[in-house]
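Working notes, beginning with the structure itself.
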There are 2 protein chains.
Amino acid sequence: MTGNINKQTRIQGINRSIILDAALEVFSAYGFRGSTIDQIAEKAGMSKPNLLYYFPRKDDIYVTVLEKTLEDWLAPFKDIDPAGDPVAELRKYTIQKLKMSAQQPERSQLFANEILHGAPSIQKFLKSNLKRLVDEKADVIADWIAAGKLAPVDPYHLIFMIWATTQHYADFDVQVRAILPEETAKADFFDKAADSILTILLNGIMPR
Amino acid sequence: MTGNINKQTRIQGINRSIILDAALEVFSAYGFRGSTIDQIAEKAGMSKPNLLYYFPRKDDIYVTVLEKTLEDWLAPFKDIDPAGDPVAELRKYTIQKLKMSAQQPERSQLFANEILHGAPSIQKFLKSNLKRLVDEKADVIADWIAAGKLAPVDPYHLIFMIWATTQHYADFDVQVRAILPEETAKADFFDKAADSILTILLNGIMPR
DNA sequence: CTACATTTTGACCATTCAGTCAAGTTTTTG
DNA sequence: CAAAAACTTGACTGAATGGTCAAAATGTAG
């Protein structure tokens, strides 16, 4: 008895990773229902039955990609430091989220699609893990406010506002590009967006 | 030759409207690919062939619902008055958008889903009509800034920020409810959200 | 090198679903 | 009220798609 239930062979490691990369691209572009196993298999460069050898159900691939995405996605949020300077911490977090939206819009889009359709696969995660984490960070912000370091605003709505604003550039990318065609092509587009957002946001919560 | 190409009979008027209502519900919940004509027909209380008698293709229903949604959705944006007080105008607009998110989340969700998946049906609309409208309102905001009535911020990013923040409460409703279960049930939830958002936003753009 | 385990795939099946069609029912019109 | 127009639907079709299976190919451990 080896007991190595989770042991992966060399080939398994490689192929699972290839599949998950392909799946992220496909699912984020077309949503769960709009994506086909054939599409993912083609992008991954293997036959459909071969893909199903690694992930027996379409849903298995989807859930795995989604879980990986959530981890990455929340990392910078976890990093908000209660001991740091409030404005600096929120600036850092906002910039990090914006960077992620610019560099990995697929992850944001995958998540947005899941939530938009009622979060069928991550309801529990939202209500347990995510809620706990947000409650914790909302407390941190509340403490900052109590210490007079931020204007009195509802911490939860402030968090939502940062999420909404930053993720907008990934999720509504097509719309942003339709309205600012020349701007989005420029190298400094990201900096300008960050600058505008941070100006409004940070002035908005600066203690008066 | 009567030439009444667009003439609708009494029954057509009734049924098209019933179908579009049903379609909004279904498409907003499941997206285009995730929705079936049978679902819409059932919700509309008629047989599938009957529904297809009014809208020969699934895409016809979808595009029609989407176009109606866009009209409603942009109405308050068009109403932003260049002659009004800047802060008052933006407050009014933000509140209206928030109200729409609360009262008609389906419309916001339908639109979000369309954009999220690359706006296959409304690319042209975004690049022509919407762009023109946004350019126009961005000019208004730029004038307000030039007159010293608002802090100097990029008008486009300010508009995106208002859109993102307000629509978040419709599009990410499931997430908001997962994190604020008790809050969302309260009657004054809407007012509190509006208050928090407006505090940050308006303080953020108040001239200094 | 050989025996065993792992990986790969063509062919196939069952279901779902957009859309058709012909025949029947209801509404409108003169 | 009769004829025409408009409306309604059960039964069907073909394509797409998630998933199966058995056999072949490849990799690996001893």
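These values consider heavy atoms only, across backbone and side chains, with no hydrogens, waters or symmetry-generated copies. Convention: sequence-line order gives letters A, B, ...; per-chain numbering from 1.
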### Query
Under a 4.5 Å cut-off applied to non-hydrogen side-chain atoms, are B:Ser121 and B:Glu114 in contact?
yes
### Query
So, B:Glu67 side chain and B:Thr64 main chain: donor-acceptor pair closer than 3.5 Å or not?
no
### Task
Name all residues meeting the salt bridge (Lys or Arg N to Asp or Glu O under 4.0 Å) criterion together with B:Lys99; count only those two or more places apart in sequence or in a different chain, and write none if there are none.
none
Going by atom type alone, with no hydrogens or angles, which donor-acceptor pairs under 3.5 Å involve a side-chain atom of residues 71-81 of chain A and a protein atom two or more places apart or on another chain?
unit_1  : atom_1 : unit_2   : atom_2 : d
A:Trp73 : NE1    : A:Gln167 : OE1    : 3.2
A:Asp81 : OD1    : A:Ala83  : N      : 2.9

### Task
Mark up nucleotides 22-30 of chain C, 5' to 3', with B wherever a protein heavy atom is under 4.0 angstrom from a base atom, S wherever such an atom reaches only the sugar-phosphate, and - elsewhere.
-----SS--
### Partners meeting side-chain contact (heavy atoms from CB on, under 4.5 Å) with A:Thr184 (sequence neighbours left out)
A:Val176, A:Arg177, A:Leu180, A:Phe189
#### Entry: Residue A:Lys92 excluded, over 12 heavy atoms near NZ under 6.0 Å
yes
### Any B:Gln12 side-chain nitrogen or oxygen under 4.0 Å from OP1 or OP2 of D:dC7
yes
### Task
Give me the bend of the helix from C:dC1-D:dG30 to C:dG30-D:dC1, using the axes of the five pairs at each end, rounded to 10°.
20°
### Query
Sequence neighbours excluded, which residues qualify as side-chain contact (heavy atoms from CB on, under 4.5 Å) partners of B:Thr94?
B:Ile162, B:Thr166, B:Ile197, B:Leu198, B:Leu201
### Message
The side chain of B:Thr9 is closest to which nucleotide in this list: D:dA6, C:dG19, C:dT8?
### Response
D:dA6
### Message
Donor-acceptor pair, distance only, cut-off 3.5 Å: does the side chain of B:Arg91 make one with the backbone of B:Leu202?
### Response
no
### Task
Under 4.0 Å from any atom of DNA chain D, heavy atoms only: list the residues of residues 13-44 of chain B that qualify, in numerical order.
B:Asn15, B:Arg33
## Note on the structure
Between B:Asn113 and B:Phe32 the two heavy atoms that sit nearest each other are ND2-N, 3.9 Å
### Query
How is B:Tyr54 classified with respect to the nucleic acid when contacts are heavy atoms under 4.0 Å: base, sugar-phosphate, or nothing?
sugar-phosphate
### Message
Using modelled atom types and a 3.5 Å cut-off, is there a donor and acceptor pairing between side-chain atoms of A:Gln175 and backbone atoms of B:Leu126?
### Response
no
### Task
List for me each residue that meets side-chain contact (heavy atoms from CB on, under 4.5 Å) alongside B:Ala29, sequence neighbours excluded, and say none if there are none.
none
### Query
Do side-chain atoms of A:Lys58 reach the backbone of A:Ser35 as a donor and acceptor pair under 3.5 angstrom?
yes
Set out, line by line, the N/O atom pairs under 3.5 Å between protein and nucleotides 1-5 of chain D.
none

### Query
Can a side chain N or O of B:Arg57 be found less than 4.0 Å away from OP1 or OP2 on C:dA18?
no
### Query
Roughly how many Å is it from CZ in A:Phe55 to P in D:dG18, rounded to a whole number?
16 Å
### Summary
The contact string for nucleotides 9-14 of chain D, one letter per nucleotide 5' to 3', using protein heavy atoms under 4.0 Å with B, S and - for base, sugar-phosphate only and none, comes out as BBB---
### Query
Taking the six-membered ring of B:Tyr30, is the NZ or CZ of A:Arg33 close enough (under 6.0 Å from the centre) and on axis enough (within 45°)?
no
### Query
How would you list all residue pairs meeting salt bridge (charged side-chain N to carboxylate O under 4.0 Å, His left out) that involve residues 38-52 of chain B, not counting sequence neighbours?
B:Glu25-B:Lys43, B:Asp38-B:Lys48
### Message
Checking A:Ser196 now: which residues fulfil side-chain contact (heavy atoms from CB on, under 4.5 Å) with it, not counting sequence neighbours?
### Response
B:Asp154, B:His157
### Task
Using modelled atom types only, decide if a donor and an acceptor are shared between the side chain of B:Asp21 and the backbone of B:Ile18 within a distance under 3.5 Å.
no
### Task
Would you kindly give the CG-to-C1' distance between A:Asp59 and D:dG19, to the nearest whole Å?
14 Å
